[in-house]
Amino acid sequence: MEETILRINQLFKEKFEGDPVGIWSPGRINLIGEHIDYNDGFVMPGAIDKGVYFAIALNGTDHLNFYSVDFEENLRIKITDIKKSEGWKNYVLGVVNEFRKLGKEIQGFDCVFGGNIANGAGISSSAAVEGGMSFSINELMNFNLNRKELALLGQRAEHHYPGVMCGIMDQYANMHGQKDHVMLLDCQSITHHYLPFNLVDSTLILINTKVHHTLASSAYNERRQQCEKGLKIMQENKEIHSFRDISDPKMLLPFKEEMGEIVYQRCLYVVEEILRTKKAATFLENNDINQFGKLMFQTHEGLRNLYNVSCRELDFLVDYASKNEMVIGARLMGGGFGGCTINIIKNNGKEEFLKEIATAYENTFHITPEIYNVKIMDGTHRIS
């Protein structure tokens, strides 16, 4: 992190004038509860020590100047000319647009940003950019929005500019992260409570497949539509208002024929994952990491066979991990179709296992995976 901060501050001095404010905005992991945030369930995310750093200062003009370090691209735009663009530009401009829709008077600023978070790895680089941008504007211009309001603003920005109909989890975890804790986030009430997560004899490891299949964004929106269709059918039963009202997966069976096989499978996964996440919270509270890990493997099977968002590369890594006693739990993390697996691995024998799985993956796919040792840290905050 320190190296990233120094590099971006230096670039700001080279490109702009003034003394910038520094904002660190983290990526996130999600231990369990995948694809559940937009289905009003429970998820278990935390902010991590990989993220995006912003150096930003007011410039006294009616223009916004951005420089993306990771893409080595500039953007200069008049505040009144803000509109949809492409790529990384949509994530910063979408945030500015949402402030303007709230009636907030945006002032001109200069901004250099970049980080140590891999794009497309499934650890939410997009929410890190949105969170850092919204927090920076809120700080600089004294708009006094609270963290929940900033998370919701970031979610709306992603809906309206990039066009990904994400749930609230990524932006919420980015804003509310707490060191050595994950949160059980209720995505219906948008409230949370913290659960201790300070591993002693094991480590949290992400293994990046370094693939990102092109159907990921469209398939994400498609899954959301399928779940909405299934829920609408179930809501014909006046006692069912959301997936949370289903306490047993067998309650879906009367609706199976009307749903059709694909929609039924999507809904079955959602119901099972909500129940798994609630059970996982109990295991974590009791410090039973081994039982928690078994649920992670179950989640992957659901994502693979019912939600159909896995791919050969992700399945290979999880299957390989499941055969090694050093691995407590593993599954794909994020939207799917590439990105990372999340693994809890015992410290004793960890390095040997990571070498083995990296070699096996490279021999099979001719891709060298990236391995990240991650720690649970605080959410978006100002850095001196």
Side-chain angles (χ1 to χ4, degrees), residues 4-5 8-9 11-12 15-16 18 20-28 47 50-59 63-71 73-79 81-102 104-117 119 123-164 166 168 170-177 378-383:
T4 300
I5 291 171
I8 291 173
N9 281 337
L11 280 168
F12 187 95
K15 291 179 173 294
F16 304 114
V21 169
I23 305 294
W24 176 257
S25 182
R28 65 98 189 95
K50 306 285 187 292
V52 180
Y53 177 74
F54 286 73
I56 184 168
L58 298 176
N59 61 24
H63 278 76
L64 308 180
N65 296 307
F66 298 93
Y67 179 69
S68 168
V69 176
D70 299 325
F71 291 94
E73 291 180 359
N74 293 288
L75 170 64
R76 176 175 171 81
I77 190 168
K78 195 173 182 179
I79 296 169
D81 291 340
I82 288 172
K83 59 184 179 182
K84 284 187 184 180
S85 185
E86 58 185 15
W88 65 266
K89 301 177 183 69
N90 269 335
Y91 293 95
V92 292
L93 295 178
V95 168
V96 177
N97 182 59
E98 293 302 322
F99 274 108
R100 296 186 72 209
K101 287 167 70 174
L102 291 175
K104 303 296 184 182
E105 186 175 344
I106 297 293
Q107 302 173 54
F109 60 78
D110 302 321
C111 176
V112 177
F113 69 98
N116 58 0
I117 181 171
N119 185 36
I123 48 181
S124 203
S125 56
S126 60
V129 171
E130 291 155 351
M133 189 78 265
S134 65
F135 193 92
S136 297
I137 291 173
N138 198 52
E139 287 278 296
L140 278 178
M141 301 174 202
N142 298 312
F143 290 151
N144 297 316
L145 271 65
N146 62 37
R147 288 181 178 268
K148 182 176 178 179
E149 290 170 326
L150 291 175
L152 290 167
L153 185 148
Q155 182 192 27
R156 294 195 302 271
E158 186 147 345
H159 287 183
H160 296 151
Y161 268 42
V164 178
C166 63
I168 190 58
D170 295 354
Q171 292 83 4
Y172 197 94
N174 168 271
M175 283 291 158
H176 293 86
D378 292 329
T380 301
H381 59 279
R382 190 165 177 164
I383 292 180

* To do: Apply side chain to side chain contact (heavy atoms under 4.5 Å, CB included) to the pair Glu139 and Arg382, showing each step before the final yes or no.
  => CA-CA 9 Å; Glu139 287 278 296; Arg382 190 165 177 164; 3.1 Å; yes
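At least one side-chain heavy atom of Arg100 sits under 4.5 Å from a side-chain heavy atom of Ile79. Side-chain contact between Leu152 and Arg156 is present, with heavy atoms from C-beta onward closer than 4.5 Å. In this structure the side chain of Gln171 never reaches within 4.5 angstrom of the side chain of Leu150, judged on heavy atoms.
Formation of a donor-acceptor pair under 3.5 Å by the Glu158 side chain with backbone atoms of Gln155 is not found in this model. With hydrogens and angles ignored, the 3.5 Å screen pairs a side-chain donor or acceptor of Arg147 with a backbone N or O of Met175. No side-chain donor-acceptor contact under 3.5 Å links Asp110 to the backbone of Asn59. For the pair His159 (side chain) and Cys166 (backbone), a donor-acceptor distance under 3.5 Å is present. Panel note: side chain Thr380, backbone Asn174; a donor-acceptor pair is recorded below 3.5 Å. Proximity of a side-chain donor or acceptor of Arg28 to a complementary backbone N or O of Tyr172 within less than 3.5 Å is not detected. Asn116 places no side-chain N or O within 3.5 Å of a backbone atom of Lys50 that could act as its donor or acceptor partner.
Atom OH in Tyr161 sits 7.0 Å away from atom CD1 in Ile82 (nearest 0.5 Å). From Asp170, atom CG reaches atom CD of Glu130 across 8.5 Å, with rounding to the nearest 0.5 Å. Put simply, OG on Ser134 and CZ on Phe99 are 5.5 Å apart, with the number rounded to the nearest 0.5 Å. Between the NE2 atom in His160 and the CG atom in Asn97 there is a gap of 9.0 Å [rounded to 0.5 Å].
Evaluated for a side chain to side chain contact (heavy atoms under 4.5 Å, CB included) with Phe113, the options Val92, Val69, Ile23 yield exactly one hit, Val92. Between Trp88 and the options Asp70, Leu75, Val129, a side chain to side chain contact (heavy atoms under 4.5 Å, CB included) holds for only Leu75.
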